[in-house]
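Worksheet for the structure shown next.
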Number of protein chains: 2
Amino acid sequence: MLVTDLSNSAQDYLKLIWTATEWSATPITVSSIAGRLGVRPPTVSDGIKKLAAQNLVTHAPYGSIELTAEGRKHAVAMVRRHRLLETFLVQSLGYGWDEVHEEAEILEHAVSDKLIERIDQCLGHPTRDPHGDPIPSPGGQQHQPTGTQLSVAEAGSTVTVTRISDADPELLRYFTELGLTPDTQLSIQEHRRFADLTTIRLRGQEQNIDLGASASEAIWVVAV
Amino acid sequence: MLVTDLSNSAQDYLKLIWTATEWSATPITVSSIAGRLGVRPPTVSDGIKKLAAQNLVTHAPYGSIELTAEGRKHAVAMVRRHRLLETFLVQSLGYGWDEVHEEAEILEHAVSDKLIERIDQCLGHPTRDPHGDPIPSPGGQQHQPTGTQLSVAEAGSTVTVTRISDADPELLRYFTELGLTPDTQLSIQEHRRFADLTTIRLRGQEQNIDLGASASEAIWVVAV
DNA sequence: CAATATTGTTCGCTAAGCCTAACATTCTGG
DNA sequence: CCAGAATGTTAGGCTTAGCGAACAATATTG
Ligand SMILES: [Mn+2]
Ligand SMILES: [Mn+2]
Ligand SMILES: [Mn+2]
Ligand SMILES: [Mn+2]
């Protein structure tokens, strides 16, 4: 079965389940899927049951949701599509990194395998998308992403941004203003515990910047 | 109402009704739509009734099917999307003109208005697609196409190809071999009536070429 | 101009995806 | 450890897009 044989919503479920555990080990739940996809829990409960009937996920009522090998294959193919499309929109069509997620969310279901491979070729086989997320190879390989959320990274250390969550476009526009993008180097000045603030300084700048929890949790970093 | 508010199939119906009368005055029928779209007549009969209820077409049972002003607006917007996408796939991604129709048929429903305008800009506002079909402007204007089918064009005349129907990819590959594309000049040697053959000679070539009805009806020409 | 062939429509059905309301299970904190 | 909160499932209903069978209207042709 090809990825393109699955319905749009099945493709979205699988992609979402896969990406949910890419950067953190949060267990995937019916309501988390419903929240992300903008549908009600019963819809997801049904949807997951159908995916289980197709052997794309394992799931017993009230139990955990896990991809099967087959399901993972489709999920990774969708992630590849999504991230290549985002990269293409930025590189070739002048989109901002805050504008591409929504567009790719639709296009990923419509492009053919041939088109995806043309785009990949035209971009020179990129390995990361505009948000720093790794792009799986056609065969499904990808180097395991490393990094921790800025909110929990060690104060006093100097780090490189590896990845910024693309979930909130407005946050991305704020980061653009700051000049904070993947591969930016910064030093972590301090965490102010009950204010939930993280103070950072970008490499080459004098100013300190205070980031709240939603911002510092959206940024993944590795030690330089 | 925006074009993107309509279902994919409604978009396809409207586009098909519009294009059916672009190059010839063939009246559009339920079964012709069903044939082109690969669905059964009852499906189309229902679908047209729904479009009529939305005031996008006029249609009384057993009567003719005509676009309303509103329906025409949506139809032209879809034609613009389709043809810009075809052009983009050829110009920017190295597709052959025989490969783009199918891909555009899907993508046209998925791209945003923003993406279409980016593509238009990136291509320098092209006015014709790879098959010679005119690309309507964002406002819906387009210069009326002129031309007659090669099969009925005057024998002995020298003409320029303005348009080749993209309905049959295999035929397009054959034309590629011959070097017969939009803007090619050729002279019409003769029509052989009951053999349904048209003999042509491409400008700058020595060889005559015999084209059967399906080929000579797919080519539109204007006198030089 | 009537019989027949063609074309179009209506009817009743299916499947997918979504919903709300009601119910079941599991988690949690006193 | 148990009651209430949180989460998940089932049941039943809606809409859209499709189908075949049966029927209705129109077109063709002898
Ligand atoms: Mn999607
Ligand atoms: Mn991304
Ligand atoms: Mn289409
Ligand atoms: Mn075309």
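A note on names: the letters A, B, ... follow the listed sequences, proteins ahead of strands, and every chain is numbered from 1.
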Yes or no on side-chain contact (heavy atoms from CB on, under 4.5 Å) for A/Met78 and A/Leu14, after CA distance, side-chain angles and deciding distance? CA-CA 8 Å; A/Met78 289 310 299; A/Leu14 295 174; 5.9 Å; no

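Using a 4.0 Å cut-off, some side-chain N or O of B/Ser31 falls inside it from OP1 or OP2 of C/dG8. Applying the 4.0 Å criterion to OP1 and OP2 of C/dT10, one finds that B/Lys49 has a side-chain N or O inside that range.
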Once each nucleotide of nucleotides 12-25 of chain D is scored for protein heavy atoms under 4.0 Å, what B/S/- sequence comes out, 5' to 3'? -----SSBBB--BS

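We find that B/Lys114 and A/Glu103 are not joined by a salt bridge, their nearest charged nitrogen and carboxylate oxygen being 4.0 Å or further apart. Ionic pairing of B/Glu70 and B/Lys73 is present here: one or more N-O contacts between side-chain nitrogen and carboxylate oxygen are shorter than 4.0 angstrom. By the 4.0 Å N-to-carboxylate-O rule, A/Arg80 lies close enough to A/Asp120 to be salt-bridged with it.
Per the geometry, NE2 belonging to B/His59 stands 9 Å off P belonging to C/dG8, to the nearest Å. In this structure, the CD1 atom of A/Ile65 is 14 Å from the P atom of D/dT7, given to the nearest Å. In this structure, B/Ile33 atom CD1 and C/dG8 atom P are separated by 9 Å, rounded to whole Å.
Side-chain atoms of B/His191 come within 3.5 Å of backbone atoms of B/Ala153 as a donor-acceptor pair (strictly under, hydrogens ignored).
Within 6.0 Å of atom CD in A/Glu117, more than 12 heavy atoms from other residues, nucleotides or ligands are found, so the atom counts as buried in its surroundings.
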